[in-house]
Amino acid sequence: MPDDEMSPLRTRSEAARSLDALIIGAGFAGLYQLFCLRDRLGLSVKVLEAGGGVGGTWYWNRYPGARCDSESHVYWYTFAPELMREWEWSERYPGQPEIMRYLNFVADKFDLKRDIEFDTRVVSAHYHEAANRWQVQTETGETYVTKFLITAVGCLSTANVPKIPGLKDFKGDWYHTGQWPHDGVDFIGKRVGMIGTGSTGIQAAPVIAASAAHLTVFQRTANYSVPARNAPLAPEFRQYIKEHADEIRAVTHETLNGMAFRIEQRLAVETAPEERETIYEAAWERGGLQFRAAFQDMLTDKNANDTAAEFIKRKIRSIVKDSATAAILSDIDHPYAAKRPPIDTNYFETYNRPNVALVDLRKAPIERVSRTAICTTEAEYPVDIIVFATGFDAMTGPLLRIDIRGRSGVALKDVWVAGPRNYLGLQVAGFPNLFTITGPGSPSVLCNMPVAIEQHADWITDCIRHLNDGGLDRIEARPEAMDKWVAEVNEVASKTVFPMAKHSWYLGANIPGKPRVFMPYAGGMVRYRQICAEVAENGYEGFALS
Ligand SMILES: Cc1cc2nc3c(=O)[nH]c(=O)nc-3n(C[C@H](O)[C@H](O)[C@H](O)COP(=O)(O)OP(=O)(O)OC[C@H]3O[C@@H](n4cnc5c(N)ncnc54)[C@H](O)[C@@H]3O)c2cc1C
């Protein structure tokens with residue numbers, strides 16, 4: 001829709017709804033961005049959040065076993081030293097309820113909730129060129145007018161429920177893990193069918209199996225997983241975190257993936273097989289995402305990756321007693337960590353329980369759901385409850401669900417028809433004053449996300465301060481800078497094993513019809529942070545300011 005045809009800017013109550021900045025989403029990103037813009041810059045800011053409370057990912061994902069894979073001492077905010085002193089995590093990996101307590105603690109401490117409208121889903125955001133304002137519409141028909149629009153909609157907030165014929169006639173209950181009921185689901189005495197074996201399915205299966213009468217896991221893509229080795233944090237370690245919080249923060253700013261562990265310099269391909277095995281054994285015992293730290297070349301050299309992949313496949317076969325089940329679980333078609341690498345608590349062990357069965361969907365795909373069963377092309381599996389652990393329309397999904405239109409009414413979905421295009425993952429040419437936190441083209445999901453989020457929110461805050469201080473009103477990515485960045489994102493991905501995972505959500509491959517483009521920036525958080533800093537130092541190179 002051309003700009004002059006757009007509805008005139010109007011607000012039902014100008015005073016209440018005309019803002020300097022509007023943020024969509026009240027997860028980790030939206031909360032911190034609100035603090036930055038309201039308390040540091042003194043702007044008038046509102047957050048609109050579809051959920052009924054703060055927390056984002058952790059508000060929605062309440063499925064059994066929902067837990068963070070980042071270790072607790074790096075999965076938090078580091079912008080305020082007192083936060084790191086006042087908060088204490090109880091376990092090596094925080095569970096969903098504890099992260100929710102943490103985010104509520106932060107929101108209350110900084111009195112953030114008074115500027116958040118909950119149960120408010122944004123459906124459209126249109127740029128009005130003459131006024132240089134965004135007009136934002138909610139599902140309930142409220143309109144806001146704002147100079148700066150910041151999406152903090154998350155990378156994994158649009159649940160993907162596959163379109164399976166017959167689901168609407170299923171007479172049992174079904175749930176997506178990313179939209180889990182707040183009062184929980186009682187599995188006792190029930191036959192459960194769980195579809196999906198990504199990070200979520202791998203967390204949920206052991207917990208569901210412990211209470212259900214029977215669990216059938218439907219696997220399309222076999223997956224690696226490394227034991228998390230979760231445990232309560234010892235009082236000494238909690239004390240250590242308090243005393244060394246600044247050092248831990250500094251390390252997360254020096255590592256490729258925003259974690260507090262450093263990746264070893266040694267190369268798997270240059271290490272003797274027996275020594276390599278000893279190193280992998282130690283990494284397996286230590287557990288968690290640190291497994292990736294065993295060798296420098298694990299994600300850049302397929303031969304190196306093969307050594308890690310083979311080690312984990314052998315582990316699977318040694319844990320799972322039934323050899324046919326073990327064969328299906330270890331028949332993995334992608335390099336280790338080319339898809340998001342899960343970590344688990346007794347996932348493979350769960351298949352040794354008498355009440356758990358595995359169905360190989362590569363051999364016989366799901367055809368339909370009947371009133372009482374999940375039906376593959378070969379058999380029917382009677383179930384009372386279906387759990388969809390089928391992930392998300394990742395990264396672009398939450399943005400494209402909003403009707404975002406920039407200059408001359410051009411729709412973001414049309415600009416991104418062949419895949420996401422932007423500059424630094426932060427801005428799209430033709431969409432002035434719109435910033436996307438951890439959007440495609442930024443390290444986001446390849447990084448420990450609070451680190452990526454703080455960097456983005458800080459950069460956006462500095463940028464808006466720069467505009468305000470200079471009496472400027474508008475910032476917009478230049479098309480040529482965007483083209484160059486898209487090329488850079490593709491170039492760095494091509495030097496890794498990431499694009500080799502054909503069914504990866506990093507590539508959009510889990511959503512029928514979605515363009516196959518490797519979405520996150522794989523050049524590492526350190527390099528990315530440096531590029532963003534240099535862009536700002538050079539007067540916001542690649543952006544047009546006016
Ligand atoms: C099960 C699971 C486990 C994870 N584990 C880890 C981990 O171990 N380490 C890690 O670093 N990351 C992990 N992540 C990624 C996680 O999403 C981030 O760590 C972090 O929570 C992202 O915060 P965010 O604020 O960017 O987005 P989110 O937490 O997703 O919040 C976005 C918010 O925006 C709201 N929203 C979206 N669209 C609209 C709209 N149109 N209108 C209004 N509101 C809207 C959503 O309701 C949501 O509340 C995990 C994700 C999942 C799903």
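Counting starts at 1 for both ligands and their atoms, in listed order.
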Plane angle bin for F148 and F435 - parallel if under 30°, tilted between 30 and 60°, otherwise perpendicular: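 Tilted: the ring planes of F435 and F148 meet at 30° to 60°.
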Under 4.0 Å, heavy-atom basis, I'd like to know which part of A152 is in contact with ligand 1: side chain, backbone, both or neither.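 Under 4.0 Å from ligand 1, A152 contributes backbone atoms alone.
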Only heavy atoms count here, so choose which of A66, A125, A29, S157 is nearest to atom 26 (O) of ligand 1.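 Among A66, A125, A29, S157, the closest heavy atom to atom 26 (O) of ligand 1 belongs to A29.
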Are the side chains of V417 and K413 in contact, using a 4.5 Å heavy-atom criterion?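 A side-chain contact under 4.5 Å is absent here.
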Which ligand 1 atoms does N448 reach within 4.0 Å, using its non-hydrogen atoms?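 What qualifies from ligand 1 is 11 (O).
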Would you mind finding which of I23, T57, L31 brings a heavy atom closest to atom 51 (C) of ligand 1?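 Comparing heavy atoms across I23, T57, L31, the nearest one to atom 51 (C) of ligand 1 lies in T57.
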So, for H334 and Y224, is the gap between ring centers shorter than 6.0 Å?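 Distance test on ring centres: under 6.0 Å, yes.
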Report yes or no: does T120 have a heavy atom closer than 4.0 Å to ligand 1?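 Under 4.0 Å: yes for T120.
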Residue from I404, V136, D403, T143 passing side chain to side chain contact (heavy atoms under 4.5 Å, CB included) with S124: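 Between S124 and the candidates, side chain to side chain contact (heavy atoms under 4.5 Å, CB included) is satisfied uniquely by D403.
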Could you tell me which atoms of ligand 1, counted from 1 in the order shown, lie closer than 4.0 angstrom to a heavy atom of G56?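 Those qualifying, in numeric order: 28 (P), 29 (O), 31 (O), 48 (C), 49 (O).
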Should C155 be counted as touching ligand 1, given the test is an N or O pair under 3.5 Å?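 No; the residue has no nitrogen or oxygen that sits under 3.5 Å from a nitrogen or oxygen of the ligand.
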Out of Y75, Y93, F392, whose heavy atom is nearest to atom 19 (O) of ligand 1?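 Heavy atom nearest to atom 19 (O) of ligand 1 belongs to Y75.
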Side chains of T78 and E454 only: does a donor on one sit below 3.5 Å from an acceptor on the other?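 A donor-acceptor contact under 3.5 Å links the two side chains.
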Closest protein heavy atom to atom 14 (N) of ligand 1, given as residue, atom name and distance to 0.1 Å: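 Looking only at protein heavy atoms, the one closest to atom 14 (N) of ligand 1 is R340 NH2, 4.2 Å.
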